[in-house]
Amino acid sequence: MKIVSYNINSLRLRLPLLKNFVDEINPDVICLQETKVADEFFPHEGVKELGFEYVEFSGEKSYNGVAILSKFPLKNTQKIDVAGYGHKRHISATIEFGDKEVELHNFYIPAGGDEADPKINPKFDHKLKFLDWMVEHFKEKQGKNLIIVGDFNIAPLEHDVWSHKQLLKVVSHTPIEVERLEKIRASADFIDTHRHFVPESEKLFSWWSYRGKEPFKSNRGRRLDHIWCSHSLKNHMKSVETYQNYRIVESPSDHVPILTHFQK
DNA sequence: ATGACGGATCTAATCCGA
């Protein structure tokens, strides 16, 4: 089972790009973030042409929005208004994987604004509340088969950013966020699937700013997108991919698709 | 490198991302 997480930054605009990706990679499940489309305008036809029979989504106009496209049935779909802000940033479903029932959660964690201080920056306060909610939520789910993916908007490790020193005070890499993320990871003993396969000493990015014409020239990227699984799936992990070339296609998202291949 | 870009929206100039 190939599971993809992709912050697509407008599903309708990038349907052709997504089609290319699906034709090239043939994933079984795609979790999208920043679909930027209200549910009544969801592009059903275009998505159907991608070849996914099971589609669930939770969107809003202009901002946020998440979706799961799957070749396997999606059961018990849930859309949670995390921390009560009314944003469409979560969708989950249960998928059968061999003899296991896997609970798949797709998150678009708030970016958090500019200032890493919840007292003066309501967006950072929102981000921390969102992360705290996740800690409590997954504490209750210990022992389940879990896969949680998405744009977490946090690059936790030194080599998840282009310059650890220069980004220590930049939202996405501040110690306060990184500690919260580690709490979530510990809450249900998750494995960071990409770092399971890619050594921590190796730079690994999934996002590059739109500013600057050639993102790989300076390579000032960050690893903001993640696929985690519970230990019960550890022996099923086969490989991971980060499709960096999708940052330099025509009209790219500022994020690239990432993939984890689980085998039965 | 706190924005030089890019997306969506009451198609102009504004909000937002990270």
Side-chain angles (χ1 to χ4, degrees), chain A residues 5-18 32-43 46 57-67 82 85-90 106-118 120-131 150-178 180-181 203-226 242 244 246-258:
Chain A
S5 178
Y6 188 14
N7 179 323
I8 199 165
N9 188 16
S10 175
L11 173 57
R12 286 175 293 182
L13 187 70
R14 269 179 262 286
L15 262 174
L17 181 61
L18 190 58
L32 298 170
Q33 306 87 36
E34 283 206 90
T35 54
K36 295 187 172 178
V37 60
D39 289 351
E40 58 265 42
F41 299 116
F42 189 86
F57 47 87
S58 176
E60 61 186 280
K61 190 166 80 173
S62 300
Y63 304 114
N64 311 314
V66 286
V82 176
Y85 281 69
H87 294 182
K88 309 301 188 187
R89 294 176 176 275
H90 167 270
N106 177 15
F107 287 101
Y108 176 45
I109 295 177
D114 288 338
E115 206 65 51
D117 182 351
I120 59 170
N121 174 11
K123 290 179 184 174
F124 196 71
D125 189 48
H126 180 196
K127 187 175 197 174
L128 296 184
K129 286 189 165 78
F130 199 104
L131 298 170
D151 177 1
F152 290 1
N153 268 316
I154 299 172
L157 301 173
E158 178 174 345
H159 294 294
D160 291 341
V161 294
W162 62 274
S163 168
H164 175 62
K165 273 192 179 174
Q166 287 178 255
L167 286 167
L168 267 173
K169 291 182 176 173
V170 174
V171 171
S172 72
H173 192 61
T174 65
I176 184 167
E177 299 162 77
V178 171
R180 291 294 214 291
L181 191 69
K203 294 276 184 208
L204 184 61
F205 308 145
S206 64
W207 171 89
W208 293 259
S209 170
Y210 277 129
R211 298 159 202 274
K213 286 267 176 264
E214 293 170 278
F216 298 154
K217 206 166 191 179
S218 55
N219 202 26
R220 290 179 169 171
R222 306 177 200 171
R223 189 170 71 101
L224 302 178
D225 302 276
H226 302 270
T242 300
Q244 298 203 1
Y246 274 76
R247 185 60 184 80
I248 51 171
V249 294
E250 194 184 327
S251 188
S253 169
D254 45 356
H255 296 251
V256 299
I258 62 168

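Quick caveat, the model's predicted, so the values are computed rather than measured.
- The NE2 atom of A/H173 sits 5.0 Å away from the CG atom of A/L168 when rounded to the nearest 0.5 Å.
- Contact annotation for A/H255: backbone-only contact, meaning every heavy-atom pair under 4.0 Å involves sugar-phosphate atoms and none involves a base.
- Residue A/S251 places at least one side-chain N or O under 4.0 Å from the OP1 or OP2 atom of B/dG7.
- Atom P of nucleotide B/dG6 and atom CG of A/L11 are separated by 20 Å, given to the nearest angstrom.
- Heavy atoms from other residues, nucleotides or ligands lying under 6.0 Å from NZ of A/K169 number 12 at most.
- Across B/dC5 and B/dA13, the matching C1' atoms stand 16 Å from one another, rounded to whole Å.
- Whole-Å rounding puts the A/I109 CD1 to B/dG17 P distance at 14 Å.
- The same atom, C1', is picked in B/dT9 and in B/dC16; the two are 12 Å apart, to the nearest Å.
- Spacing between atom CD of A/E115 and atom C1' of B/dT2 amounts to 10 Å, rounded to whole angstrom units.
- Set against B/dT9, B/dG7, B/dA18, the side chain of A/S62 has B/dT9 as its closest nucleotide.
- Note on ring orientation: taking the six-membered ring where Trp is involved, the planes of A/F152 and A/F107 are perpendicular (angle over 60°, cut-offs 30° and 60°).
- B/dC10 sits 12 Å from B/dT14 when the C1' atoms are compared, rounded to a whole Å.
- B/dG17 atom P lies 10 Å from atom NE2 of A/H126, rounded to whole Å.
- Other residues, nucleotides and ligands contribute at most 12 non-hydrogen atoms within 6.0 Å of the CZ atom of A/F41.
- Using modelled atom types and a 3.5 Å distance limit, the side chains of A/Y210 and A/N9 yield a donor-acceptor pair.
- Other residues, nucleotides and ligands contribute over 12 non-hydrogen atoms within 6.0 Å of the NZ atom of A/K36.
- Rounded to the nearest Å, the gap between the C1' atom of B/dT2 and that of B/dA12 is 25 Å.
- Contact annotation for A/N64: no contact, since no heavy-atom pair falls under 4.0 Å across all strands.
- At B/dG7, none of the side-chain N or O atoms of A/N9 fall inside 4.0 Å of OP1 or OP2 (strictly under the cut-off).
- Here B/dG7 presents its C1' atom at 12 Å from CG of A/N7, a figure rounded to the nearest Å.
- Nearest to the side-chain atoms of A/Y210 among the listed nucleotides B/dT2, B/dA18, B/dG6 stands B/dG6.
- B/dG3 and B/dT11 have their C1' atoms separated by 25 Å, given to the nearest Å.
- Phosphate proximity of B/dG17 to A/K127: absent, as no side-chain N or O sits under 4.0 Å from OP1 or OP2.
- Computed from coordinates, the A/R222 CZ to B/dA18 C1' distance equals 5 Å when rounded to whole Å.
- A residue-by-residue look at A/S209 and A/Y108 shows that A/S209 has its nearest nucleotide of DNA chain B further toward the 5' end.
- The separation between A/D151 atom CG and B/dG17 atom P is 11 Å, rounded to whole Å.
- Toward the 5' end of DNA chain B, the nearer of the two residues A/E34 and A/K169, judged by each one's closest nucleotide, is A/K169.
- Rounded to an integer number of Å, the gap from A/F152 CZ to B/dG17 C1' is 18 Å.
- In this structure, the nucleotide among B/dT2, B/dC15, B/dA8 sitting nearest to the side chain of A/D114 is B/dT2.
- Picking from B/dG17, B/dG7, B/dT9 the nucleotide with the shortest atom distance to the side chain of A/A111 gives B/dG17.
- Counting atom types as modelled, A/R211 pairs a side-chain N or O with a base atom of B/dG17 as donor and acceptor under 3.5 Å.
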